[in-house]
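Take a look at the structure set out below.
What you see is a predicted model, and the numbers here were worked out from it, not measured in a lab. Residue numbers start from 1 in every chain, and the chains themselves are labelled A, B, ... in the order their sequence lines are given, proteins ahead of strands.
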There are 2 protein chains.
Amino acid sequence: MDIDKVFKALADPGRRRLLDMLHHENGQTVTALCEHMDMTRQAVTQHLQQLEGANLVAVIWQGREKLHYLNPVPLHEIYERWIGKFERNRLRALHDFKKKLEGDDHDKA
Amino acid sequence: MDIDKVFKALADPGRRRLLDMLHHENGQTVTALCEHMDMTRQAVTQHLQQLEGANLVAVIWQGREKLHYLNPVPLHEIYERWIGKFERNRLRALHDFKKKLEGDDHDKA
DNA sequence: ATTATATGCAAGTATTTACTTGCATGTCAA
DNA sequence: TTGACATGCAAGTAAATACTTGCATATAAT
């Protein structure tokens with residue numbers, strides 16, 4: 001799994017918006033998703049392709065319609081491999097930080 | 001809190017690497033961080049500034065040295081406001097998705 | 001004082017990314 | 001089978017991002 005693609009995909013507000021829309025209603029077509037996006041269909045398509053490439057969205061063809069489904073697994077990966085790791089040390093880091101500040105203010109006092 | 005800046009900051013592998021380094025050893029100087037980065041000091045500085053802008057890194061000046069400290073709070077925010085939301089519906093979404101697939105395979109059979 | 005070290009500022013280039021426009025293809029419905 | 005609808009493909013433009021180079025400033029060490 002290419003976590004870089006996931007981060008890159010999430011970096012754009014438009015793409016996050018698309019994920020939100022699918023979160024609100026799963027299995028939407030390109031055209032449906034376009035209605036709330038202030039850009040051409042092509043632009044939206046390209047964003048959706050990136051989301052697909054990052055495996056955040058899966059697609060099912062239904063006749064001439066392309067239905068988009070959210071795949072939350074990569075988000076989970078990001079949490080596991082990235083956020084959790086830092087979270088675990090959250091309090092410790094904050095502690096270190098404050099200690100440093102205090103050390104500066106009254107050094108050896 | 002500007003969550004877009006956080007996502008943008010995380011979108012670059014170099015910046016994620018810097019966060020990793022600080023996670024490994026907190027409070028490093030620019031120069032120290034540069035040693036493991038295959039680019040000029042200026043480039044690293046600019047990345048660090050973006051991390052600072054996203055509030056992922058805090059800085060303390062110590063004489064001529066600039067010490068960088070990790071701030072995991074924005075990561076937590078991302079989890080809270082983004083990942084968790086999707087996680088909660090993870091199983092449900094997967095369920096919907098499979099049902100859709102099945103429905104296509106043997107429609108009304 | 002002089003030199004070395006740690007960093008900043010700013011302009012310029014190169015690469016990447018976002019978005020558009022125009023046309024092509026395939027599916028559905030009358 | 002014709003017309004409307006859903007989407008794809010591809011080339012081009014505009015804007016954002018990553019990175020560099022050259023010089024300036026401040027702190028520390030000798």
Note to self: OP1 or OP2 of D/dC19 versus the side-chain N and O atoms of B/Thr40: is any pair under 4.0 Å?
What the structure shows: no
Next item on the list: Among the candidates D/dT7, C/dA6, D/dA18, find the nucleotide nearest to the side-chain atoms of B/Gln50.
Entry: D/dA18
Next item on the list: Consider the side chain of A/Lys66, meaning its heavy atoms from C-beta on, and name the nucleotide among C/dT20, D/dT17, D/dT7 that approaches it most closely.
Entry: D/dT7
Next item on the list: To the nearest 0.5 angstrom, please state how far the CD atom of B/Glu80 sits from the CD1 atom of A/Ile83.
Entry: 10.0 Å
Notebook entry, point to check: Can you tell me if NZ on A/Lys66 sees more than 12 non-hydrogen neighbours from other groups inside 6.0 Å?
Noted result: yes
Item checked: Integer-rounded Å distance: D/dT27 C1' and B/Trp61 CH2 -> 10 Å
Margin query: What's the closest nucleotide to the side chain of A/Thr29 if the choices are C/dT20, C/dC19, D/dT7?
Written below: D/dT7
Margin query: I'd like to know if the side chain of A/Asn55 and the backbone of A/Pro74 have a donor-acceptor N/O pair within less than 3.5 Å.
Written below: no
Next item on the list: Please state how far atom NZ in B/Lys5 lies from atom C1' in D/dA16, giving the value in whole angstrom units.
Entry: 15 Å
Checklist line | A/Met39 side-chain proximity, nearest of C/dC19, D/dG8, C/dA6 | finding: C/dC19
Check: Any side-chain N or O of A/Thr45 less than 4.0 Å from the OP1 or OP2 oxygen of D/dT7?
Finding: no
Note to self: Both A/Arg41 and B/Val30 contact DNA chain C. Taking the nearest nucleotide for each, which residue is further toward the 5' end?
What the structure shows: B/Val30
Margin query: Just the rounded figure in Å: distance from P of C/dT7 to CD of B/Glu52.
Written below: 12 Å
Next item on the list: To the nearest Å, give me how far apart CD (A/Glu65) and P (D/dG8) are.
Entry: 12 Å
Item checked: Earlier contact from the 5' end, DNA chain D, for A/Arg64 and B/Gln46 -> A/Arg64
Checklist line | Out of C/dT20, D/dT20, C/dG8, whichever nucleotide has its closest atom nearest the side chain of A/Gln42 | finding: C/dT20
Checklist line | Whole-Å gap separating P (C/dT7) and CD (B/Gln28) | finding: 11 Å
Item checked: Nearest-nucleotide pick for A/Ala43, side chain only, options being D/dT20, C/dT20, C/dG8 -> C/dT20
Next item on the list: Could you tell me the separation between the CZ atom of B/Arg41 and the OG1 atom of B/Thr45, rounded to the nearest 0.5 Å?
Entry: 5.5 Å
Item checked: Between C/dA18 (C1') and A/Arg17 (CZ): distance, integer Å -> 16 Å
Note to self: How many whole angstroms separate atom CZ of B/Phe7 from atom P of C/dA18?
What the structure shows: 15 Å
Notebook entry, point to check: Parallel, tilted or perpendicular for A/His23 and B/Phe86, by the 30°/60° rule?
Noted result: tilted
Check: Counting just side-chain N and O atoms, does A/His47 come under 4.0 Å of either OP1 or OP2 of C/dT17?
Finding: no
Checklist line | Nearest-angstrom distance from the residue atom CG of B/Leu48 to C1' of D/dC19 | finding: 14 Å
